[in-house]
Amino acid sequence: MVEVLQSVLTRLETARIVPVVVIDDAGMAADVADALVAGGIHCAEITLRTSAGLASMAAISGRDDFTLGAGTVLTPEQVDACADAGAEFIVSPGFDESVVRRAQERGIVALPGIATATELQWALRAGLDAVKFFPADRLGGLAGISALAAPFPAVRFLPSGGVGVGNVVDYLAHPSVFAVGGSWMVPRAAIADRDFALIARLSAEAATLVR
């Protein structure tokens with residue numbers, strides 16, 4: 001199981017960007033995934049912020065060319081639902097030990113959000129060495145990551161919140177950052193308008209920017 005979990009993290013590290021996707025109509029999920037792949041991004045975090053989240057995951061799951069994650073996962077029950085829908089990793093805004101444990105029991109990667117050294121120590125105690133840093137822009141951005149990385153040099157961070165075209169390269173240049181989370185390449189309005197060509201173009205620009 002350790003090898004499987006590490007494989008998922010390696011794929012995210014290779015992608016460098018984890019799109020944060022909010023979908024209102026699960027019928028568009030496959031097209032969104034196609035657009036991301038066309039642009040060179042082969043992963044996404046489908047959030048549970050809408051009632052279409054789980055059905056969207058199910059519509060994408062099982063693809064050989066895509067690493068599927070779930071976002072805004074707040075409870076162990078949601079972990080189960082996301083795992084059943086095909087999610088290979090879950091992302092939470094904060095640290096909840098019961099959520100992390102359930103993800104570990106289900107054999108999927110947990111990336112809980114942390115904002116303080118105390119929360120980071122909780123994550124380490126739970127056996128994690130990769131966490132989400134959220135909300136990155138409100139926590140000092142790169143300076144905040146550097147402050148935490150100094151006493152915790154083995155931890156890898158996924159900054160999310162306020163990450164965009166103007167700072168993504170700087171974030172990814174930090175040795176403790178393995179990938180970033182962002183939504184600029186998948187505007188919610190573009191999904192609603194079925195403008196998948198725009199999503200593909202923005203994804204290609206983002207993929208080029210970070211590579």
Count I, L, V, M, F, W, Y as connected when their side-chain heavy atoms are under 4.5 Å apart, and connections chain through other members. Are [X] and [Y] then in the same cluster?
{"X": "Val91", "Y": "Val109", "result": "yes"}
{"X": "Val99", "Y": "Ile108", "result": "yes"}
{"X": "Val22", "Y": "Leu111", "result": "no"}
{"X": "Phe134", "Y": "Val100", "result": "no"}
{"X": "Ile60", "Y": "Val20", "result": "no"}

Side-chain donor or acceptor of Thr208 paired with backbone N/O of Ala204 under 3.5 Å: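 Here the side-chain-to-backbone pair exists.
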Side chain Gln104, main chain Gly127, donor-acceptor under 3.5 Å: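 No, the answer is negative, given that no donor and acceptor are paired below the 3.5 Å cut-off.
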All side-chain contact (heavy atoms from CB on, under 4.5 Å) counterparts of [X], not counting sequence neighbours:
{"X": "Thr118", "value": "Thr116, Trp122"}
{"X": "Thr10", "value": "Gln6, Thr14"}
{"X": "Leu54", "value": "Leu48, Met57, Ala81, Cys82, Ala85"}

With sequence neighbours excluded, give me every salt bridge (charged side-chain N to carboxylate O under 4.0 Å, His left out) pair touching [range].
{"range": "residues 175-185", "result": "none"}
{"range": "residues 118-128", "result": "none"}
{"range": "residues 199-211", "result": "Arg201-Glu205"}

Residues Arg16, Leu209; criterion side chain to side chain contact (heavy atoms under 4.5 Å, CB included); working and verdict: CA-CA 10 Å; Arg16 305 292 276 160; Leu209 185 65; over 6 Å; no
Shortest non-hydrogen separation from [X] to [Y] and the atoms involved:
{"X": "Val18", "Y": "Ala179", "value": "CG2-CB, 4.5 Å"}
{"X": "Ala123", "Y": "Phe95", "value": "CA-CE1, 3.6 Å"}
{"X": "Ser56", "Y": "Ile23", "value": "OG-CG2, 3.5 Å"}
{"X": "Phe89", "Y": "Ala44", "value": "CZ-O, 3.6 Å"}
{"X": "Leu9", "Y": "Ala130", "value": "CD2-CB, 4.3 Å"}
{"X": "Ile46", "Y": "Gly53", "value": "CG2-O, 3.8 Å"}

About how many Å separate [atom2] of [Y] and [atom1] of [X], when rounded to the nearest 0.5 Å?
{"X": "Leu202", "Y": "Ser183", "atom1": "CG", "atom2": "OG", "result": "11.0 Å"}
{"X": "Ile191", "Y": "Ile199", "atom1": "CD1", "atom2": "CD1", "result": "5.0 Å"}
{"X": "Ser176", "Y": "Tyr171", "atom1": "OG", "atom2": "OH", "result": "13.5 Å"}

Contacts of type salt bridge (Lys or Arg N to Asp or Glu O under 4.0 Å), residue [X], not counting sequence neighbours:
{"X": "Asp129", "answer": "none"}
{"X": "Glu97", "answer": "Arg101"}
{"X": "Arg188", "answer": "Asp24"}

Check residues 68-80 and write down every donor-acceptor pair under 3.5 Å in which the side-chain atom is one partner and the other belongs to a residue at least two apart or another chain.
{"residue": "Thr72", "atom": "OG1", "partner": "Arg49", "partner atom": "NE", "Å": "3.4"}
{"residue": "Thr75", "atom": "OG1", "partner": "Gln78", "partner atom": "N", "Å": "3.1"}
{"residue": "Gln78", "atom": "OE1", "partner": "Leu74", "partner atom": "N", "Å": "2.7"}
{"residue": "Gln78", "atom": "OE1", "partner": "Thr75", "partner atom": "N", "Å": "3.4"}
{"residue": "Asp80", "atom": "OD1", "partner": "Arg106", "partner atom": "NH1", "Å": "3.1"}
{"residue": "Asp80", "atom": "OD2", "partner": "Arg102", "partner atom": "NH1", "Å": "2.5"}

Residues 25-42 side chain polar contacts: donor-acceptor under 3.5 Å, at least two apart:
{"residue": "Asp25", "atom": "OD1", "partner": "Gly27", "partner atom": "N", "Å": "2.8"}
{"residue": "Asp34", "atom": "OD1", "partner": "Arg63", "partner atom": "NH1", "Å": "2.7"}
{"residue": "Asp34", "atom": "OD1", "partner": "Arg63", "partner atom": "NH2", "Å": "3.1"}
{"residue": "His42", "atom": "ND1", "partner": "Asp65", "partner atom": "O", "Å": "2.9"}

What pairs of donor and acceptor atoms, side-chain ones from residues 136-162 against any protein atom, are under 3.5 angstrom apart with sequence neighbours left out?
{"residue": "Ser146", "atom": "OG", "partner": "Leu142", "partner atom": "O", "Å": "3.1"}
{"residue": "Ser146", "atom": "OG", "partner": "His174", "partner atom": "NE2", "Å": "2.9"}
{"residue": "Arg156", "atom": "NH1", "partner": "Glu13", "partner atom": "OE1", "Å": "3.3"}

